[in-house]
Each structure stands twice: as structure tokens, then as C-alpha cells.
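Input: a single structure, listed below in C-alpha cells.
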Amino acid sequence: MQYRSLGKTGLKVSEVGMGTWQLANDPNMWVGADLKESLKCLYEYVEQGGNFIDTAWVYGYSDDEPERHPSEELIGKFLKESGKRDKVVLATKVAPKNWHWPAWSKDKISDCFPNDHIEKQVDDSLRSLGVEVIDLVQFHVWHDNWANEDGWKETIQKIIKSGKVKHWGISINDYQPSNCLKTLDTGLISTVQFIFNIFHQKPTEKLLPYAKRNNIGLISRVPLDEGGLAGKFTKKTKFPKGDFRGRYFGGERLNELVVRINKLKKLLGDSVETLPELALRYILSFDAVSAVIPGMRKLEHVRANTAVSDKGKLSAELMKELKKHAWERNFYAPNAADPSMKSVGYIEK
Ligand SMILES: NC(=O)c1ccc[n+]([C@@H]2O[C@H](COP(=O)([O-])OP(=O)(O)OC[C@H]3O[C@@H](n4cnc5c(N)ncnc54)[C@H](OP(=O)(O)O)[C@@H]3O)[C@@H](O)[C@H]2O)c1
């Protein structure tokens, strides 16, 4: 496993981090996790040299048990049982109070992240993870309109001073990779979590160069396009009831995915053997990226994905070829609650 700097935090994280949205299921989003295997995945991930775990207050949340935070709790169980707290860089997220995912264009920060809400969620996360300090807390949604607001700035500095959190980051809106640059200019944010994969290459235009110039840690989420880039789905794939991927790959998207995956398969050979490897190495070929965080809840995935790190960057020739495989889509259209997300214009041009 290779390690990279997480921007200006001074932390070194394994290039392959562990995404945990699906680790303990997530009502109406992810189903099918086997919690015993999920726990084993955490052990295996660290055994393979992984040291960067990304979770969130909301992962696994259910209205029936609003006090529970299943993904954080399972990670907490692992840390307690294994005694590995000191070996792991822990990142979690504060959920928006108004429950808008991602942030709507007209939202005020006082609706999403009032100061007492930020403080309460940090305390909840400390409790569920069973730790005294969290290395990185990220705002789970963000809008650059909030760059000049004072409340969040004061609150995060107060929380850092209290010793509960070491660094703050933002997890930005899907398909809007520049919707954070004014906020980064404040100097208070150490990391950005963003969608980046072979299909969504837009972040290479502004976000990556900005982050490199300004030493911002970049955490690449959804690297496998929710499993699409892993190449397992066929035109006949049926997603389990309650699994959001039925919507994500709805309409004609599944058919188009299969056509595109067949084209990508032609690029495999001796130098890159599998599609997940191609997808992860594509992202890690950019120096500006600190870590890629594939969601992992199966042992075979942990082993395959952690092994990718030592295989190095892709050739310049292959990177040039992969540019042609970009596929910008708006997952939120046509069912988005926020009208601005329904339009093609929601996707950054
Ligand atoms: N707004 C936000 O802040 C936000 C949003 C999304 C995600 N995230 C974070 O980013 C992480 C990654 O995103 P994601 O999990 O949504 O998407 P992803 O990493 O693109 O896809 C994860 C899924 O791909 C499949 N997979 C993983 N490794 C595989 C392999 N080697 N071979 C075949 N299939 C494989 C697994 O499906 P099965 O488990 O079904 O087999 C896994 O659940 C999340 O876990 C979360 O930590 C943050």
C-alpha cells in the first residue's frame, strides 16, 4: 500500500481509503450488507495497509431509530475490539439539518448547518465511533454561496480548539466540482470530497489544479460509479428492492452503461487486468488526489481494491485514451426535489 499527504493536514493516508456508506446498510439506499462480513472487511482493510476510513453521521440512519448511526457504530466496534484507533485516520460527516442532498441552490447555511446542529452532530459522532477525537469532519453537503458566512467559520474553529476534531473538510455537490472554490479561499477547509471517476472527469479542469496549488487534500468518492465501473452489471441486472441503484441506473442508463463498459473492457490486458483496477488506478494517476475511497463491504473487494495501490499509475497513452470515455449524467433528473437539479444546467459546464 502506498501513502499520500492529505493536503495541509500533515496526515498521511493510504491511497486506497475505505468508503463505508453501505457497510451497515442504509435504508432506501443500500441493502444486502452482512454485518459480520462488514466487520471482517474493516480488519482486512487495515491488515492490507489501509489507514483511511470515511464514514458519516447519516450512514445507515433510519427514522425508526434516529439515535443510531450504524456505519459509525460498526467502525467504533472495530476500533474498540482491535485496538487500532491509533493506526487509522478517521473521517466522518455532519449531515444537513434540512436533509437536502446535495445542497439546494437557494438553501441558507442557517437551514443546513446552524451552529448548535454542527456541535451536536460532532458529539453524536464521537459517541458512535467511541473515540475522543476525530481526524477529519466534513460538511456532508456544501454550497459556495456560504463562503462569506461567519457562523460556520467560528463554530469549526471553536470545535478544533476544544480538541474534538482535528481538521475540517467539505463534501461537495455531485457534478459541480467548482462549487467550493470560494470557500477553499478562506483557508479554513483542509479537504474536499468529490465525485471523480472515468465517467465524471470534470474535476480535472478546475478542482484538481486548484487543490494542487493550494495543498487541499482531495478525497475521490464514487470511484466505481456505484459499482457500474466494476463491470458486473448486465442489461438484465435487477437491483434489490430498496437499493437506490435501481434509480441510479434507471431508464436507459443501464443499457448505456453496458455499452460503455464493453468499450472499456477492450482496454484490459497485461498492464491492467480488471475494470475495478482500471477505475481506481485512473484516479490515482492524478497526483492532486490524496485518496480514493471505494465503498467496500465484501472481503473480496477489500483485497482486490487495496492491492491496486502498488500497481502504480496508468501509462500516459492509456490516460489519453480514457479521456474519450467521459460520460456526464445528472442522476437527480428528472426526479429531483430541487427544481434547479432537474435541468441539464445543474451539471457544471
Ligand atoms: N455525498 C457524499 O459525501 C458521499 C456520497 C456517496 C459516497 N460517499 C463516500 O464515498 C464512498 C464511495 O462511494 P460509493 O460507495 O457510493 O460508490 P463506489 O465506491 O463507486 O461503489 C461501491 C460499490 O461498488 C462495488 N464494488 C466495490 N469494490 C468492488 C470490486 N473490486 N469489484 C466489484 N464491485 C466492487 C460494491 O458493490 P456491492 O457492495 O453491492 O457488491 C460497492 O458497494 C462511500 O462508501 C462513502 O464513504 C460520500
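Keep in mind that what you see is a predicted model, and the values were worked out from it rather than measured.
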Please table the atom pairs, donor to acceptor, closer than 3.5 Å between any side-chain atom in residues 69-76 and protein atoms at least two apart or in another chain.
residue: His69; atom: ND1; partner: Trp57; partner atom: O; Å: 2.9
residue: His69; atom: NE2; partner: Glu67; partner atom: O; Å: 3.4
residue: Ser71; atom: OG; partner: Thr20; partner atom: O; Å: 3.1
residue: Ser71; atom: OG; partner: Thr20; partner atom: OG1; Å: 3.0
residue: Ser71; atom: OG; partner: Thr55; partner atom: OG1; Å: 2.8
residue: Glu72; atom: OE1; partner: Ser125; partner atom: OG; Å: 3.4
residue: Glu72; atom: OE1; partner: Ser128; partner atom: OG; Å: 3.3
residue: Glu72; atom: OE2; partner: Trp57; partner atom: N; Å: 3.4
residue: Glu72; atom: OE2; partner: Thr92; partner atom: OG1; Å: 2.6
residue: Glu72; atom: OE2; partner: Ser125; partner atom: OG; Å: 2.8
residue: Glu73; atom: OE1; partner: Arg68; partner atom: NE; Å: 2.8
residue: Glu73; atom: OE1; partner: Arg68; partner atom: NH2; Å: 2.6
residue: Glu73; atom: OE2; partner: Arg68; partner atom: NE; Å: 3.2
residue: Glu73; atom: OE2; partner: His69; partner atom: N; Å: 2.8

Kindly list each side-chain donor-acceptor pair under 3.5 angstrom involving residues 313-320, sequence neighbours excluded, with atom names and distances?
residue: Lys313; atom: NZ; partner: Asp287; partner atom: OD1; Å: 2.4
residue: Ser315; atom: OG; partner: Leu318; partner atom: N; Å: 3.1

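Around the CG atom of Asn262, the shell of radius 6.0 Å holds more than 12 heavy atoms that belong to other residues, nucleotides or ligands. Other residues, nucleotides and ligands contribute more than 12 heavy atoms inside 6.0 Å of the NZ atom of Lys8.
With hydrogens and angles disregarded, no donor-acceptor distance shorter than 3.5 Å links the side chain of Lys80 to the backbone of Arg85. Put simply, the side chain of Gln201 gets close to the backbone of Leu322: a donor and an acceptor are under 3.5 Å apart. At least one donor-acceptor pair closer than 3.5 Å links the side chain of Trp146 to the backbone N or O of Asp107. A donor-acceptor pair under 3.5 Å is formed between the side chain of Asn173 and the backbone N or O of Ala103. For Asn197 (side chain) and Leu224 (main-chain N/O), no donor-acceptor pair under 3.5 Å exists by modelled atom type.
Screening Thr183, Leu181, Ile219, Leu184 for a side chain to side chain contact (heavy atoms under 4.5 Å, CB included) involving Val192 leaves a single residue, Leu184. Under the side chain to side chain contact (heavy atoms under 4.5 Å, CB included) rule, His167 has a single partner from Thr191, Leu136, Val89, which is Leu136. For the side chain to side chain donor-acceptor pair (under 3.5 Å) criterion with Tyr43, the lone passing option out of Gln48, Glu81, Lys84 is Glu81.
Using modelled atom types, one finds no donor on one side chain facing an acceptor on the other under 3.5 Å when comparing Asp243 with Tyr248. A donor-acceptor contact closer than 3.5 angstrom is absent between the side chains of Gln138 and Ser171.
Partners of Lys12 by side chain to side chain donor-acceptor pair (under 3.5 Å), not counting sequence neighbours, listed by chain and number: Ser5. With sequence neighbours excluded, the residues satisfying salt bridge (charged side-chain N to carboxylate O under 4.0 Å, His left out) with Asp123 are Lys164. Checked against side-chain contact (heavy atoms from CB on, under 4.5 Å), Pro114 has the following partners two or more places apart in sequence or in another chain: Lys97, Asp116, His117.
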Quick one: do His140 and Gln193 satisfy side-chain contact (heavy atoms from CB on, under 4.5 Å)? Show the steps, please. CA-CA 9 Å; His140 207 144; Gln193 187 175 134; over 6 Å; no

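Note: Ser220 OG to Phe286 CZ = 10.0 Å, rounded to the nearest 0.5 Å. Note: Leu208 CG to Arg213 CZ = 11.0 Å, rounded to the nearest 0.5 Å.
For Arg329 and Asp225, the salt-bridge test passes: some basic side-chain N is under 4.0 Å from an acidic carboxylate O. Under 4.0 Å is where a charged nitrogen must lie from a carboxylate oxygen, and between Glu256 and Arg260 at least one such pair does. Salt bridge Glu277/Lys311: present, at least one basic N to carboxylate O contact under 4.0 Å. For Asp124 and Arg127, the salt-bridge test passes: some basic side-chain N is under 4.0 Å from an acidic carboxylate O.
Judged as a side-chain hydrogen bond (donor to acceptor under 3.5 Å, both in side chains), the pairs with a partner in residues 288-306 (not counting sequence neighbours) are, in order, Glu44-Arg303.
Using a 30° and 60° split on the angle between ring planes, Phe139 and Trp152 fall in the perpendicular class, above 60°.
Aromatic pair Phe196/Tyr282: centroids less than 6.0 angstrom apart.
Looking at heavy atoms from C-beta onward, Leu207 lies out of side-chain contact with Ile216 at the 4.5 angstrom threshold.
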